[in-house]
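Both ligands and their constituent atoms are indexed starting at 1 by order of listing.
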Amino acid sequence: MNILAIETSCDETAAAVVHEGRWVRSNVVASQIALHQKYGGIVPELASRQHITAITPVLQEALETAGITRAGIDAIAVTEGPGLAGSLLVGVNFAKTLAFAWKKPLVPVNHLEGHIYANWLVAPGHEGQPLPPAPIFPAICLIVSGGHTDLLLIHKHGVYEILGRTLDDAAGEAFDKGARILGLGYPGGPAIQQAAEGHRSVEQLPRAWLGDSYDFSFSGLKTALLRAAEQYRKSEPHPDQQTRKRAAPPPGPFPEHTPPVYSPNMPAGDLAASYQDAIVDVLVEKTVRAAELERAASVLISGGVAANALLRRRLESKLRAKDIPLFVPEIQFCTDNAAMIAAAAHQVLRRGALAGWELDVHPQLPWSSLPGVRVIERARG
Ligand code: KG4
Ligand code: ZN
């Protein structure tokens, strides 16, 4: 079974071919980072327009790299949500048209389920070797992306118990906002990771432990970073701190993205290291605690923030000490890609949940709405 998947939920135009839900035959991602960088964040309309121009060449390259044609494809999968409406529309319409013209089943995929199944992927180049072990259930899965921070207990395929989620900013959003405060650019996660390299966490920034809860909160941390950085500010206060009374905002489509100007003696590397340390600390502690208390047979991480080197390193060493196997997707499968959508589509197909031609986009798609999926909400104290 070969699934061709299309992913356009945010700012990456992606297509991939995956065999048997695990073997990646091709994984093509056209990143829009350069386009959005000058605005300091994603501009939704530009993202949709870029998807329209990039999607056909991306598909062509995915088929060519996989060495496959229409006849070798068994189903077309596409991300139906959650994500930006205008971006999702491009992918869904493209996939629908392809499925119609090629007479193939159309498989709708939840982007977050895609992130989970990134842990099942085997990168090209391993053909002919034994299939690497798949994650073992029950598994604890930490999904950390630009829009989500969810801690799940996966009982088995399609049965998800939500242990905790963020009460405010997602982990990736916290990285992005922190980088903006420090003037490090977009996307913030890689920028903060790079700035923190060779620096130590020196500033004691707050961690929101929230008692025994598995929920997360990063907004207090962000404010603490802003306060620490403000001392070094040369010109106007950061827009987040400007009072409502201020007259006209600076020109430009996204005035809040205007980079701040700091004195050269600001220890940006130390602040980035301290901030990264605080985010990673909470993510690791809660994930490891959940793994122990829920007697997980394995731990998985996924989403863009799962590419973070400190997070991977710390989880690895803490879980090794407890003899709990950790699964981390290759970096190329952590940030948005279509291979993970194909892997999840393999499960959607097993559940028999195909889409009809009326398939629409679902910017806020909840887990619980997926046919054949059971979502359990853990009662919170
Ligand atoms: O999963 P993803 O590509 O898109 C969403 O579904 O949101 O995640 C993007 C997020 C961004 O917030 C980005 O700053 C963050 O992942 N990210 C990282 C790293 N690489 C990407 N965060 C921390 N460290 C990284 N190395
Ligand atoms: Zn994502």
Visitor: Nearest to atom 3 (O) of ligand 1, what protein heavy atom do you find, and at what distance?
Guide: Asp336 N, 3.0 Å
Visitor: Quick test of your reading: applying side chain to side chain donor-acceptor pair (under 3.5 Å), list the pairs with at least one residue in residues 162-173, sequence neighbours left out, ordered by first then second residue.
Guide: Arg165-Glu377, Asp168-Ser217, Asp168-Ser219, Asp169-Lys177, Asp169-Lys222, Glu173-Lys177
Visitor: Can you find an N/O atom of Gly189 closer than 3.5 Å to an N/O atom of ligand 1?
Guide: yes
Visitor: Taking the ring of His346 and the ring of Tyr117, is the distance between their centroids below 6.0 Å?
Guide: no
Visitor: Are any of the N or O atoms of Gly304 closer than 3.5 Å to those of ligand 1?
Guide: yes
Visitor: Using a 4.0 Å cut-off to any heavy atom of Gly147, which atoms of ligand 1 qualify?
Guide: 7 (O)
Visitor: May I ask you to list the atoms of ligand 1 that are less than 4.0 angstrom from any heavy atom of His111?
Guide: 6 (O)
Visitor: Main chain of Ala47, side chain of Gln32: is a donor-acceptor contact present, judged purely on distance under 3.5 Å?
Guide: yes
Visitor: Heavy-atom pairs closer than 4.0 Å: do any link ligand 1 to the side chain of Glu12, the backbone, both, or neither?
Guide: neither
Visitor: Only heavy atoms of Asp176, strictly under 4.0 Å: list the atoms of ligand 1 that pass.
Guide: 11 (C), 12 (O), 13 (C), 14 (O)
Visitor: Under a plain distance cut-off of 3.5 Å, with no hydrogens placed, do Asn308 and Gln276 share a side-chain donor-acceptor pair?
Guide: yes
Visitor: Could you tell me whether Gly172 and ligand 1 have an N or O pair separated by under 3.5 Å?
Guide: yes
Visitor: So for ligand 1, is Gly146 a polar contact partner (N or O within less than 3.5 Å, distance only)?
Guide: yes
Visitor: Suppose we measure from atom 24 (N) of ligand 1 to each protein heavy atom; which comes out shortest, and what is that distance?
Guide: Asn308 ND2, 3.0 Å
Visitor: For the residue pair Thr13 and His51, confirm or rule out a side-chain donor-acceptor distance under 3.5 Å.
Guide: yes
Visitor: State, with a plain yes or no, whether a side-chain heavy atom of Ile76 is found less than 4.5 Å away from one of Ile73.
Guide: yes
Visitor: Counting only heavy atoms from other residues, nucleotides and ligands, does the tally under 6.0 Å from CZ of Arg289 exceed 12?
Guide: yes
Visitor: Please check if atom NZ in Lys104 has more than 12 non-hydrogen atoms from other residues, nucleotides or ligands closer than 6.0 Å.
Guide: yes
Visitor: Below the 2.8 Å mark, what number of protein N, O or S atoms do you get around the Zn ion (ligand 2)?
Guide: 3
Visitor: Calculate, to the nearest 0.5 Å, the distance between atoms CD and CG belonging to Gln231 and Asn265 respectively.
Guide: 10.0 Å
Visitor: Is it the case that more than 12 heavy atoms not belonging to Glu127 sit under 6.0 Å from its CD atom?
Guide: yes
Visitor: For ligand 1, indicate whether the residue Thr335 contacts it via side chain, backbone, both or neither (heavy-atom separation under 4.0 Å).
Guide: both
Visitor: Once you round to the nearest 0.5 Å, how far does CG of Leu326 lie from CD1 of Ile140?
Guide: 12.5 Å
Visitor: Do any heavy atoms of His115 fall under 4.0 Å from ligand 1?
Guide: yes
Visitor: Side chain of Thr8, backbone of Gly91: donor and acceptor closer than 3.5 Å?
Guide: yes
Visitor: Distance under 4.0 Å to a non-hydrogen atom of Gln193: what atoms of ligand 1 satisfy this?
Guide: 24 (N), 25 (C), 26 (N)
